[in-house]
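One structure below.
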Amino acid sequence: MAESSDILLNPDVLDGNQSEAVPITDLYGLPVFDPEIEEQIETAEQEETQELKEIRSQVFENHVDGTAQTVGRIRSQLFQTEPSLTKTEIPDRTADSGDYFLVIEFMVVGFLILLLFYQRYRQKKRKEVQDDINDYGK
């Protein structure tokens, strides 16, 4: 193997100052892409700017057709300086929600009491079974 086809990476390049290294294509003005691709890039950029111009004209300029009134109404609502929404009175439901919490509290307390009685019942049964096992035929 006289010649290796492996790519050797030089990590010392990362330590250097970025402003020192200038790509050769930029230095000598060489084109990076094929002229056809550059044309496609230019047309895509032109189409994008044209679409932005159309969107701006639809939103910010006056129109003659029937949608002009709708767009004007929306524009006036968007760009008005005074708020048009008024504060509406919201009914106080804290008393109603307190009743729901009271019912839930009673249900939880009842469940805990039932759980306590069941636990005592299980302990009693377990003790009876343990006594039967330790009886040894008296």
Side-chain angles (χ1 to χ4, degrees):
M1 291 188 142
E3 195 172 318
S4 176
S5 64
D6 293 340
I7 297 175
L8 298 175
L9 298 176
N10 186 3
D12 295 332
V13 174
L14 297 175
D15 294 335
N17 191 357
Q18 295 291 335
S19 62
E20 294 175 5
V22 177
I24 295 175
T25 56
D26 290 344
L27 186 61
Y28 295 110
L30 299 174
V32 177
F33 298 108
D34 189 5
E36 293 175 2
I37 296 195
E38 287 183 358
E39 289 176 11
Q40 290 176 355
I41 291 172
E42 288 178 16
T43 55
E45 289 174 352
Q46 289 174 356
E47 289 175 358
E48 185 178 348
T49 56
Q50 185 64 28
E51 288 176 2
L52 285 173
K53 286 180 184 177
E54 290 177 9
I55 291 172
R56 286 183 183 129
S57 69
Q58 288 176 359
V59 172
F60 295 109
E61 293 178 6
N62 293 331
H63 298 284
V64 181
D65 58 353
T67 60
Q69 294 175 351
T70 308
V71 171
R73 194 171 346 111
I74 292 172
R75 189 181 316 129
S76 66
Q77 290 175 357
L78 285 175
F79 299 117
Q80 63 184 347
T81 57
E82 297 178 12
S84 65
L85 299 176
T86 59
K87 182 178 178 181
T88 58
E89 192 64 35
I90 299 173
D92 186 21
R93 296 186 181 174
T94 56
D96 295 338
S97 63
D99 294 339
Y100 295 122
F101 287 122
L102 186 63
V103 170
I104 291 172
E105 288 174 3
F106 280 127
M107 291 175 64
V108 169
V109 168
F111 178 74
L112 290 176
I113 290 173
L114 286 174
L115 190 64
L116 178 68
F117 283 129
Y118 179 71
Q119 185 68 22
R120 287 188 179 176
Y121 172 76
R122 279 186 51 202
Q123 286 178 353
K124 183 179 176 182
K125 281 291 191 181
R126 197 177 288 158
K127 187 175 182 180
E128 288 176 3
V129 170
Q130 192 69 22
D131 288 342
D132 288 342
I133 291 174
N134 292 335
D135 198 3
Y136 297 119
K138 288 184 183 178

Side-chain heavy atoms of [X] within contact of [Y], under 4.5 Å:
X	Y	result
Lys127	Lys124	no
Met107	Phe111	no
Phe106	Leu102	yes

Taking atom CZ of Arg120 and atom CD of Gln123, what is their separation to the nearest 0.5 Å?
8.5 Å
Roughly how far apart are Ile37 CD1 and Glu42 CD, rounded to 0.5 Å?
12.5 Å
The residue among Glu54, Gln46, Glu47, Glu48 that forms side chain to side chain contact (heavy atoms under 4.5 Å, CB included) with Gln50 is Glu54
Common cluster, Ile113/Tyr121, ILVMFWY with side-chain heavy-atom separation under 4.5 Å:
no
Linking I/L/V/M/F/W/Y whenever their side-chain heavy atoms sit closer than 4.5 Å, directly or via other members, would Leu112 and Ile104 fall into one cluster?
yes
Would you say that more than 12 heavy atoms from the other residues, nucleotides or ligands in this model lie under 6.0 Å from the CD of Glu36, or not?
no
